[in-house]
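Here is how names work: the chains are called A, B, and so on, in the same order as the sequence lines, proteins then strands, and each is numbered from 1.
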Protein chains: 4
Amino acid sequence: MGRRRSEETRQAILDAALDELTERGYAGLTIEGIAARAGAGKQTIYRWWPSLADVVLDAMLDRAADLVPDPTTGNLAGDLRDFLTATFRQRGPQREILRGLMAQAVLDPVFAEAFRERFIQARRAALRTVLDRGAARGELDPAVDPELLVDVVFGVLWYRLLIGHAPLDDGEGETLAALVLRAAGT
Amino acid sequence: MGRRRSEETRQAILDAALDELTERGYAGLTIEGIAARAGAGKQTIYRWWPSLADVVLDAMLDRAADLVPDPTTGNLAGDLRDFLTATFRQRGPQREILRGLMAQAVLDPVFAEAFRERFIQARRAALRTVLDRGAARGELDPAVDPELLVDVVFGVLWYRLLIGHAPLDDGEGETLAALVLRAAGT
Amino acid sequence: MGRRRSEETRQAILDAALDELTERGYAGLTIEGIAARAGAGKQTIYRWWPSLADVVLDAMLDRAADLVPDPTTGNLAGDLRDFLTATFRQRGPQREILRGLMAQAVLDPVFAEAFRERFIQARRAALRTVLDRGAARGELDPAVDPELLVDVVFGVLWYRLLIGHAPLDDGEGETLAALVLRAAGT
Amino acid sequence: MGRRRSEETRQAILDAALDELTERGYAGLTIEGIAARAGAGKQTIYRWWPSLADVVLDAMLDRAADLVPDPTTGNLAGDLRDFLTATFRQRGPQREILRGLMAQAVLDPVFAEAFRERFIQARRAALRTVLDRGAARGELDPAVDPELLVDVVFGVLWYRLLIGHAPLDDGEGETLAALVLRAAGT
DNA sequence: TCCTAAACGAGACGGTACGTCCTGTCTTTGT
DNA sequence: ACAAAGACAGGACGTACCGTCTCGTTTAGGA
């Protein structure tokens, strides 16, 4: 029995989280700040999310912008290129959010699992699908472990995202796609 | 003029930082905890390090264990394999430290710069040297940007270190070395 | 709305303040010490009292022992004598508390106002009542400003309390009462 | 034997103490602040004065302004009036200094003794001399303890100085002198 | 239509750590 | 030996958030 969870409040909290994130940056996020901005009680946040990072993860996944690319050009080269350019293109608060979530995942093993299962895995699976389709077409050398290729792609992506020493844009996506093909194409 | 910085205290603080890190993990580190364990005043820490992460970075770099590998087998394949196996082999608190430092670098732009310049750059430069020697021997396709190869190697390393979904050991080092050679060798 | 102030905690803090005062003396009082002894958070003290001295003032006023004397013997001489002996008789931590509060009032103008209004004024008013009753009975020379007499009484009291060069007891109370009568009686 | 105490430095410290006192008020005084302003080392202050209050006491006593009045009009009424008006007239930082010193004396028993002996006693003795001269002339009722009269005078002075509820000026000095005469004159 | 139970905003609570300030001591280098 | 400079251990400050805990209030079913 009893009152049901308020969808309105849930949205207000996710919105507030993204707003705070934009204004103060990830390191400036606090439960109190989000609750105050959302006009919600802190308890309401603690009731529904295990940690701050989970709120942010929910907020991000709730936003349409965060679709996983699923290119189907008909050949591995095209699919890889499209996947990588689409992935490298993300902008705005998105990058700051991803950086923050990864930092939290590193510091908090409980959140790490949620992050892996709800975010990382989906991306890996999408790329894996692209590679498997290529393999089925004989475009991939069977001697190369596709999981390693997935690591290479997301490794470069995250490394640059976290360190910030090199750009992440369409051109870089294409360059990396070309390298992966050189390494694993037939 | 005035009293000089106490090297004894400096060491006590770095030691205490590593001890606390081992006992409580990176997320459990506090300035107060380190100061108390070192028998030092907090002010002394604030006087010499801009942030907690800088203390940890100093502590890590001060320990001999973190030598950057510099293999010289005479050919690119051997050098790459040795570099990667040596790099992938690091153990003990080292990994936890690196994960924590990267998380801090993500959350704190000021520390990020120190981390990049004092840690990341040294590793990149070492690998770059290996690649450049290979290129000089004609073992590397000039069409491939060596910086991208560096990103691939450290990208995979960090990605696995942070996500923890796949092992980091000698075998993996060799496998990645082989992939890099396939991608960029002549 | 929200949770109400905890009366239990309030009492624990006032008790802790008096205990600390007895153990360490006024100069040894700290917010941290009181909070720790009361099992309270520091914030709780800061939330309800503007300064340490206000806590002590509250603690003192909360204790029944500090009743203001209001003698009614029927004549000025008796009332004055009773008022002064009762006032000069206070003992135990009371004196240490008063000395400390006066010191704080001197150093902190904000607290000074609270001290004047909540403590000093009540005492002055009580004595003034005694004098006014005497004046109504024609026992006081109208040429003498009763406020000055109040200053004389409390001046001597505080001067001895602060300097500690002379005793404060029943005999001294009677002696001062006699002097005031000589100065202002008819 | 070794370098002698620098009188120049001593003066610089006393000057700095008074300057800081004027700028920040008594509660804002610190050893560090005085040392910095004097261009002196903290150690130098610790070497020569047992506490901050002793520095201030020295500074005040070093200044000519702080002469003890010694009136000689030839009769008790005139002497008392002159003594009290001169005493009540003190102005400027003097009052703030006195208030601060009394607060310190209350909080620090060690300084209290120095304060009593070096400041309070001199004032009491001066007034006592005035009274004793009056007594010798037969102008004082032998039944009244002159020490109590001293307490009355300085009690009213300090009480008003500390509480600040009533003025301290020539008129008040005369009024109090008149009261004392009424109480103890023949 | 009431009853009851959960969710809600609000905000006090016990805690922990923060980064700052000052204390009193010590070391170092002049003078 | 005294002095300026300033690092040191220590301790309290006042603040910010944490996660938990009452408080009324609001919003549902189920009786």
Side-chain angles (χ1 to χ4, degrees), chain A residues 1-10 12-13 28-36 38-48 50-52, chain B residues 1-10 12-13 28-36 38-48 50-52, chain C residues 1-10 12-13 28-36 38-48 50-52, chain D residues 1-10 12-13 28-36 38-48 50-52:
Chain A
M1 239 214 292
R3 187 171 170 178
R4 302 295 184 65
R5 176 174 189 179
S6 155
E7 175 58 20
E8 210 168 337
T9 293
R10 182 177 166 275
I13 288 168
L29 278 186
T30 64
I31 299 265
E32 292 208 331
I34 293 172
K42 288 200 290 174
Q43 193 70 258
T44 304
I45 297 181
Y46 285 109
R47 187 153 30 222
W48 301 110
S51 81
L52 224 182
Chain B
M1 236 211 293
R3 185 171 171 178
R4 302 294 182 65
R5 176 173 189 178
S6 158
E7 176 58 22
E8 210 169 338
T9 293
R10 183 178 165 274
I13 288 168
L29 277 185
T30 65
I31 300 263
E32 294 208 328
I34 293 172
K42 288 200 287 175
Q43 193 74 253
T44 303
I45 298 181
Y46 285 109
R47 192 161 18 232
W48 301 111
S51 78
L52 223 182
Chain C
M1 236 210 295
R3 186 171 170 176
R4 304 294 182 62
R5 177 173 187 180
S6 157
E7 176 58 21
E8 210 169 338
T9 292
R10 183 177 165 275
I13 289 169
L29 278 186
T30 65
I31 299 263
E32 294 208 329
I34 293 172
K42 287 201 286 175
Q43 193 72 249
T44 303
I45 298 181
Y46 285 110
R47 189 155 26 225
W48 301 111
S51 80
L52 225 182
Chain D
M1 231 210 328
R3 188 170 169 180
R4 303 292 182 62
R5 176 174 188 182
S6 155
E7 174 59 19
E8 210 169 337
T9 293
R10 181 175 166 278
I13 288 169
L29 279 186
T30 65
I31 299 264
E32 290 205 326
I34 293 172
K42 287 199 291 175
Q43 194 67 258
T44 305
I45 297 180
Y46 284 109
R47 186 150 33 221
W48 300 109
S51 80
L52 224 182

Contacts of type side-chain hydrogen bond (donor to acceptor under 3.5 Å, both in side chains), residue [X], not counting sequence neighbours:
X     : answer
B:T44 : none
D:E32 : D:K42
B:E8  : none

Once you round it to whole Å, what is the distance between [atom2] of [N] and [atom1] of [X]?
X     : N      : atom1 : atom2 : answer
A:R5  : E:dA6  : CZ    : P     : 17 Å
C:E7  : F:dT22 : CD    : P     : 17 Å
B:R47 : F:dA9  : CZ    : C1'   : 10 Å
A:E8  : E:dG9  : CD    : P     : 10 Å
D:W48 : F:dA4  : CH2   : C1'   : 15 Å

Quick one: is D:T9 getting a side-chain N or O under 4.0 Å of the F:dC2 phosphate, OP1 or OP2?
no
Is any side-chain N or O of C:T44 closer than 4.0 Å to OP1 or OP2 of E:dA12?
no
Quick one, give me the B/S/- string for nucleotides 23-31 of chain F, reading 5' to 3', where B means a protein heavy atom under 4.0 Å from the base and S means that only happens at the primed atoms, P, OP1 or OP2.
SB-BB-B--
Within the sub-3.5 Å range, which N or O atoms of nucleotides 11-13 of chain F have a protein N or O partner, and how far apart are they?
from, atom 1, to, atom 2, distance (Å)
F:dC13, OP1, C:I31, N, 3.0
F:dC13, OP2, C:I31, N, 3.2
F:dC13, OP2, C:E32, N, 3.0

Can you name the residues that form a side chain to side chain contact (heavy atoms under 4.5 Å, CB included) with C:S51, not counting sequence neighbours?
C:A53, C:D54, C:D108, C:F111
By nearest-heavy-atom nucleotide on DNA chain E, the more 5' of C:S6 and D:G28 is C:S6
